[in-house]
Every structure is written in C-alpha cells, then in structure tokens.
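Heads up: the structure comes next, in structure tokens.
For ligands, and for the atoms within them, numbers begin at 1 and follow the listed sequence. Along the sequence shown, residues are numbered consecutively beginning with 1.
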Amino acid sequence: MKKVFNGAQVTRFAPSPTGYLHIGHAFSALTAYNARGQNGTFHVRIEDIDPSRCKTEFTDAILEDLHWLGLDWETPVRRQSEHLDDYEKALRNMEIKGLLYPCFCSRSEIKTEIEQSGRAPHGPDGPIYPGICRKVSSEKRKEKIHNGEPHVQRLNMQAATAICEPLTWTDKKQGIVNAEPERFGDVVLARKDVPTSYHLAVTVDDHLQGITLVNRGSDLEPATDVHRLLQHHLGYESPTYEHHRLIRDTSGRRLAKRDQDITIRSLRDNGYTSREVIKMAGFGN
Ligand code: GLU
C-alpha cells in the first residue's frame, strides 16, 4: 500500500454509471476529493460491472459533471468492466482456499425455500441465502457445471469466518469497529453474467489502486464487514473508512438517480454555476 505522509491520503469516488449524478453524488465526490489532503491522490473509478444497468453515456456524463465541478483525478480512470481478469484472479484465490461454492438456485427457488422453512433470517441486504447449494455434493456440482447450468459463486461464510480471528476495521471517526460479516450469510462473489460482484470488485480495486481512505455513504457501512473479511483472505491491507451521511430531499427521502430534477446537469442547464452547486452540496462558500 502506498505510504502516506502529512495527512495525505489516496481516496476515491466510485460511481456506478446507471444514471446522472445528483447532489448526493456531488457531496460524496467532494468529500473524497477534499479528504485526500495536500499532496494526496484522488481516483474516480467507474463501477460498471452490471451490463444490464450501466451505460457508457452515463460514464461520459459523470466524468463531464465531475470536471465541471472542478475536480481532477488520476488517469486513466479505472473502469471495472475492463479489469475482469483481476477479479477472476482473486476469485480463484478464494476458490483454492475452499471458501467458494457454486450456487445454481434461481431467485424463485430461494424465495420458495425461505417461505417453506418458516424462518427468514435477514441480513443488511435482505433475507439471507438459505444455503441450499452448500449441501450439494461435489459430484453433483461437477455434473451441473459440465451440463452448463448457470450458477453464481457464493462465499461459504461459515468456513471463511471460522478460520480467522474476529476481524476489525478502522473508521476515521469511530476508531476500531468489530466486523460481523456473518450477518450477510453466503454472499455472491461472482454473478451469473459477470465473474465478479460488487463486494469482490470493490475490495480488489481498493487494494490495487492503493486506496488508503475509503469515503462512501453510510448505506454501505455494513458492507465494509464483508470487504474486511475478503481483505483478510486475499492478503490485502485494510484502508481506513469514513461513511458519510446521505443527502436527503426536503421531505427526508434519500436522493436517487431517478430524481431527474436535481441532477448536476439539470442544475447546470438551469443556469446554476458550479460554485452554487458545490455550495448546495454543503461545500465552498
Ligand atoms: N458503486 C457504488 C455506488 O455507486 C459505490 C461503491 C463504494 O463506494 O464502495 O453506490
């Protein structure tokens, strides 16, 4: 990991190009940009592993809007879709350690199993996968894979947590935080359509880009527990984390990319200056 000095950090803003940036993104980007400190480094990373939702048009617009806001960043911009090999390598490492298993379940099979079992333990992302495919024999797995059955790769959470000491991660403000990745259950590390998932790609990229301080919204704070577990098994150092508040509209609703009215570009089209937009996002004067 890159050495930092005089409070300088390597930070990043990692949007998914599924829509235009809004004030909440501007807040997040500016938070990470300012957190790099003097002599620090700022990266913009395009998290575009989801081919059904991500569009090049949005990637271009995001970079243009960030530029308009006055931000500059390291080049080239890392686009996750161009680095699938890196995620496959990490996935293989997890597989060699015996921490993965293929899961052939469809969404409806999982739903039915949960309904029939009469219990539905929930994690931070919803109902926990009930472990149907964890019990499939290795012969059966081989046969299904041989027959080309679509599958995801899941982390065997119990195995992954059993072979390490309780983990912690560092929060810039709160200090040491206990990681409890178990509450997520067997998360997906490789999807059916792409050989990675959010959890895996973000962990690999933060490592490869030498990120020392991860700034992101508080909605992603629970996910840090999973990322810490992956860092442990992949032999990565753990950066410091800072999860910022989420910007809400006047009715208290969290901003989302669907809120066309407050995208950076609509504000710009309506004659706002970048200085005014930065102020709206809570920065500048
Ligand atoms: N790509 C994620 C998003 O747009 C952010 C991931 C992260 O910062 O770790 O919500």
Side-chain angles (χ1 to χ4, degrees), residues 9-36 41-63 65-66 71 73-74 77-84 86-87 90 124-125 169-172 177 179 181 184 187-189 191 194 196-231 234 236 238-248 254-259 263-264 281:
Q9 299 281 2
V10 184
T11 64
R12 50 54 155 203
F13 173 56
S16 305
T18 56
Y20 295 117
L21 295 187
H22 56 61
I23 287 286
H25 295 111
F27 174 73
S28 197
L30 288 160
T31 300
Y33 187 66
N34 293 339
R36 79 197 187 289
T41 311
F42 175 66
H43 292 268
V44 174
R45 180 163 76 226
I46 300 296
E47 302 210 326
D48 58 351
I49 55 165
D50 187 341
S52 62
R53 297 178 62 227
C54 297
K55 291 203 176 94
T56 314
E57 172 203 335
F58 292 133
T59 296
D60 296 345
I62 286 170
L63 297 177
D65 288 348
L66 292 174
L71 274 58
W73 51 85
E74 296 297 300
V77 166
R78 186 172 172 93
R79 291 173 167 79
Q80 290 189 327
S81 59
E82 294 172 359
H83 297 278
L84 299 182
D86 289 331
Y87 313 129
D125 287 344
W169 49 268
T170 306
D171 180 281
K172 197 177 165 196
V177 178
F184 281 83
V187 289
V188 171
L189 292 190
R191 299 157 37 136
V194 261
T196 187
S197 67
Y198 162 64
H199 292 308
L200 184 68
V202 85
T203 305
V204 170
D205 284 348
D206 284 338
H207 167 71
L208 291 180
Q209 294 190 292
I211 304 298
T212 59
L213 175 64
V214 172
N215 298 92
R216 58 184 174 199
S218 56
D219 54 331
L220 290 170
E221 183 162 352
T224 303
D225 292 1
V226 175
H227 304 168
R228 181 66 192 96
L229 180 65
L230 296 179
Q231 286 158 1
L234 293 167
Y236 300 165
S238 186
T240 298
Y241 290 86
E242 186 173 24
H243 298 99
H244 59 70
R245 68 188 167 87
L246 299 175
I247 303 275
R248 295 177 190 276
R254 198 183 134 190
L255 298 186
K257 291 201 180 85
R258 62 179 178 271
D259 296 312
T263 61
I264 308 295

- Working for side-chain contact (heavy atoms from CB on, under 4.5 Å), residues Asn215 and Gln9: CA-CA 11 Å; Asn215 298 92; Gln9 299 281 2; over 6 Å; no

- Flag this pair as yes if the NZ/CZ of Arg245 is under 6.0 angstrom from the six-membered ring centre of Phe27 and inside a 45 degree cone about the axis; otherwise no. yes

- Message: With a cutoff of 4.0 Å, is Arg12 in contact with ligand 1, counting heavy atoms of the residue only?
- Response: yes

- Query: What do the steps show when you test Asp50 against Tyr198 for side-chain contact (heavy atoms from CB on, under 4.5 Å), and what is the final call?
  - Reply: CA-CA 9 Å; Asp50 187 341; Tyr198 162 64; over 6 Å; no

- Show which atoms of ligand 1 fall inside a sub-4.0 Å distance from at least one heavy-atom site of Glu47. 1 (N), 2 (C), 5 (C), 6 (C)

- Query: If you measure only the distance, is there a donor-acceptor pair under 3.5 Å linking the side chains of Gln231 and Ser238?
  - Reply: yes

- Query: Val202 heavy atoms, cut-off 4.0 Å: which ligand 1 atoms fall inside?
  - Reply: 9 (O)

- Task: Classify the angle between the aromatic ring planes of His25 and His22 as parallel (below 30°), tilted (30 to 60°) or perpendicular (above 60°).
- Result: tilted

- What atoms in ligand 1 come closer than 4.0 Å to a heavy atom of Ser16? 1 (N), 2 (C), 3 (C), 4 (O)

- Could you tell me how the ring of His207 sits relative to the ring of Tyr236: parallel (under 30°), tilted (30 to 60°) or perpendicular (over 60°)? parallel

- Query: Touching ligand 1 at all, Phe13? Heavy atoms, strictly under 4.0 Å?
  - Reply: no

- Item | Check: Leu220 N/O within less than 3.5 Å of ligand 1 N/O | no

- Query: Based purely on interatomic distance, does Asn215 place a nitrogen or oxygen under 3.5 Å from a nitrogen or oxygen of ligand 1?
  - Reply: no

